[in-house]
Amino acid sequence: MKILFRSLLLALSVLVLSGCGSIISRTFPGQGQGNHYYPGVQWDVRDTPWRFLTIIDLPLSLVVDTLLLPVDAQHGPYE
């Protein structure tokens with residue numbers, strides 16, 4: 001039962017953090033580095049000491065960035 005609870009808690013944490021790079025790169029000024037398409041993916045693959053954690057978010061940011069591709073095409077570069 002304890003293992004099931006921990007697994008459920010881990011899965012919930014991953015879902016809550018999903019798209020984090022996509023959200024950060026679109027909402028905070030200067031975080032998208034001026035990239036026009038897939039800013040969340042490019043945020044996740046940047047070179048930082050926490051890179052191993054952001055790589056976990058990479059597939060989810062890819063999905064969110066793909067869904068937001070029409071918005072990015074209309075909005076223009078994020079600064």
Side-chain angles (χ1 to χ4, degrees):
M1 186 67 169
K2 200 175 208 181
I3 295 172
L4 178 65
F5 179 71
R6 286 184 182 180
S7 299
L8 187 61
L9 185 62
L10 177 64
L12 183 63
S13 298
V14 168
L15 286 175
V16 168
L17 292 173
S18 66
C20 184
S22 297
I23 294 168
I24 289 173
S25 64
R26 286 179 173 84
T27 56
F28 293 110
Q31 298 303 317
Q33 291 94 19
N35 298 317
H36 191 82
Y37 298 108
Y38 292 94
V41 172
Q42 295 183 17
W43 168 264
D44 285 340
V45 297
R46 71 192 190 287
D47 192 23
T48 66
W50 295 97
R51 186 174 183 178
F52 67 95
L53 287 177
T54 58
I55 293 298
I56 295 170
D57 181 53
L58 184 64
L60 300 170
S61 290
L62 181 65
V63 171
V64 172
D65 283 347
T66 301
L67 292 174
L68 291 175
L69 198 57
V71 174
D72 291 340
Q74 190 173 31
H75 179 272
Y78 293 92
E79 296 182 19

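These numbers come from the heavy atoms of this one structure, side chains and all, not from hydrogens, waters or symmetry mates. The chain is numbered in sequence order, starting from 1.
Rounded to the nearest 0.5 angstrom, Y38 OH and L68 CG are separated by 10.0 Å.
Side-chain N or O atoms of R6 include none that pairs as donor or acceptor with a backbone N or O of I3 at under 3.5 Å.
Here the options are D65, V64, V63, the test is side chain to side chain contact (heavy atoms under 4.5 Å, CB included), and the partner is L67; only V63 passes.
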